[in-house]
Each structure stands twice: as structure tokens, then as C-alpha cells.
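Each remark here refers to the structure printed beneath this line.
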Amino acid sequence: QVQLEESGGGLVQPGGSLRLSCAASGRSFSSYAMAWFRQAPGKEREFAAAIAGSGGRTYYADSLKGRFTISRDNAKNIVYLQMISLKPEDSAVYYCAADRVLTIVQFAYDYWGQGTQVTVSS
């Protein structure tokens with residue numbers, strides 16, 4: 001069983017940066033792949049980024065490459081999403097998720113956090 005709690009969301013101006021954190025409780029954090037998904041108002045939840053348990057492999061949505069970076073600290077049981085050059089269309093609720101298998105498919109993830117709101121607006 002893994003429990004996830006996101007933090008770090010908020011209001012940021014276009015072009016700004018934000019770092020989201022997801023703290024995990026439970027055992028064997030490093031054995032779980034972690035991912036970030038996001039859901040904008042009126043839209044379906046979509047994949048943003050994922051990272052292997054070891055941190056050695058990462059995946060990104062094509063539209064986010066170069067602006068978003070996923071990383072993890074297995075000693076602290078935290079996964080991060082660093083976001084730069086933020087745009088209004090990045091506004092969404094951001095969710096972290098955990099699963100034994102590294103995948104970009106959201107339905108494969110067994111554990112989810114409650115989400116953190118990111119609003120990009122001037």
C-alpha cells in the first residue's frame with residue numbers, strides 16, 4: 001500500500017516556474033515507478049511525466065519535453081516535477097501516481113494522490 005500527497009501547487013505568472021512534490025508513505029518506494037498526470041477543467045486527465053523506480057529512465061509527454069523535468073529522491077520518498085516556462089494552458093490539477101510498472105498509461109497506476117492545483121495566469 002502506498003499513500004501519496006502532492007504539494008507545491010499555486011498561482012504563477014506565465015513564463016514562471018514551479019516545482020511540485022509528491023511525498024510517498026509506505027515501504028519500498030524505490031520499487032515503484034512514479035508518474036505525474038494532469039487534468040484541466042473540462043478535459044480528460046493526461047499523462048505528463050514518469051520515472052522508473054531507480055530514476056534511471058524517464059518519459060515525458062511530447063508537448064512537455066524541455067519544460068518539465070521529473071526526478072525523485074528515494075532516500076526521502078519524494079518525487080518532483082520541475083516546471084519552467086509555464087503557460088496558461090498548463091493550468092490543471094496535477095496528480096502523482098505510483099505503480100510497480102513504468103508506464104505512461106494512467107489506468108495502469110494503482111495509487112494516486114489527491115492532486116494539487118496549478119494556475120498559470122497574469
Side-chain angles (χ1 to χ4, degrees):
Q1 190 78 8
V2 178
Q3 294 180 326
L4 305 172
E5 183 173 2
E6 303 94 336
S7 62
L11 174 64
V12 61
Q13 292 187 342
S17 301
L18 209 57
R19 188 178 77 162
L20 306 182
S21 299
C22 174
S25 62
R27 301 173 64 181
S28 304
F29 175 69
S30 61
S31 67
Y32 286 87
M34 301 295 295
W36 288 94
F37 293 83
R38 66 182 188 178
Q39 187 169 20
K43 296 187 176 181
E44 294 187 354
R45 190 158 57 186
E46 63 177 7
F47 169 76
I51 187 168
S54 66
R57 183 178 294 181
T58 57
Y59 293 116
Y60 295 93
D62 287 343
S63 61
L64 303 180
K65 288 179 181 177
R67 295 194 302 119
F68 286 23
T69 303
I70 189 170
S71 62
R72 65 191 295 159
D73 185 337
N74 285 345
K76 296 181 178 179
N77 285 14
I78 298 178
V79 62
Y80 302 100
L81 186 67
Q82 178 69 50
M83 306 181 292
I84 65 171
S85 302
L86 283 163
K87 307 173 183 179
E89 51 264 42
D90 293 319
S91 297
V93 177
Y94 283 72
Y95 299 90
C96 71
D99 195 72
R100 295 284 188 178
V101 178
L102 178 63
T103 176
I104 67 172
V105 179
Q106 64 172 303
F107 300 111
Y109 282 85
D110 288 333
Y111 304 102
W112 291 82
Q114 293 299 307
T116 185
Q117 176 71 49
V118 172
T119 303
V120 184
S121 175
S122 55

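Basis for what follows: all heavy atoms, side chains included, without hydrogens, waters or symmetry-related copies.
- Taking each heavy atom of P14 and S122 in turn, the nearest pair found is CD-N, 3.6 Å.
- Between the side chain of N74 and the backbone N or O of F29, no donor-acceptor pair lies under 3.5 Å.
- Applying ring-ring contact (aromatic ring centres under 6.0 Å, His included) to F37 and the options F107, Y95, W112 leaves one that passes, W112.
- Within 6.0 Å of CZ on R57 lie no more than 12 heavy atoms contributed by other residues, nucleotides or ligands.
- For A98, the side chain to side chain contact (heavy atoms under 4.5 Å, CB included) partners are V2, L4, Y32, M34, Y111, not counting sequence neighbours.
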(message) Using the rule given for side chain to side chain contact (heavy atoms under 4.5 Å, CB included), can you reason through L20 versus M83, listing the C-alpha separation, both sets of side-chain angles and the distance that settles it, and then say yes or no?
(response) CA-CA 8 Å; L20 306 182; M83 306 181 292; 3.7 Å; yes
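- Of all the heavy atoms in A40 and S91, the pair that sits closest is CB-O, 3.6 Å.
- Once rounded to the nearest 0.5 Å, the distance linking OH of Y60 with CZ of F47 reads 9.0 Å.
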(request) Give the C-alpha distance, both sets of side-chain angles, the deciding distance and a yes or no for salt bridge (Lys or Arg N to Asp or Glu O under 4.0 Å) between D90 and R38. (result) CA-CA 9 Å; D90 293 319; R38 66 182 188 178; 2.9 Å; yes
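- When atom types are taken as modelled, the side chain of E6 and the backbone of G115 share a donor-acceptor pair closer than 3.5 angstrom.
- Interatomic distance, Q106 CD to D99 CG, rounded to the nearest 0.5 Å: 12.5 Å.
- Residues L18 and I70 fall within the same hydrophobic cluster, defined by Ile, Leu, Val, Met, Phe, Trp and Tyr side chains chained together at heavy-atom separations under 4.5 Å.
- The two residues S21 and W36 come nearest to each other via the heavy atoms O-CH2, 3.7 Å.
- Distance check: Q114 CD to Q3 CD gives 10.5 Å after rounding to the nearest 0.5 Å.
- Rounding to the nearest 0.5 Å places CG of D110 at 9.5 Å from CD of Q1.
- Note that CD1 of I78 and CZ of R72 are 11.5 Å apart. Values are rounded to the nearest 0.5 Å.
- Qualifying side-chain hydrogen bond (donor to acceptor under 3.5 Å, both in side chains) partners for Y109, counting only residues two or more places apart in sequence or in other chains: none.
- Y59 and Y80 end up in different hydrophobic clusters when Ile, Leu, Val, Met, Phe, Trp and Tyr side chains are linked at under 4.5 Å.
- In terms of heavy-atom proximity, S17 sits nearest to S85 at OG-N, 4.4 Å.
- Under the 30°/60° scheme for interplanar angles, the aromatic rings of Y94 and F68 are found to be tilted.
- Grouping Ile, Leu, Val, Met, Phe, Trp and Tyr residues whose side-chain heavy atoms lie under 4.5 Å apart, directly or via other members, leaves L11 alone, with no other cluster members.
- With rounding to the nearest 0.5 angstrom, the CD1 atom of I51 is 6.5 Å from the OG1 atom of T58.
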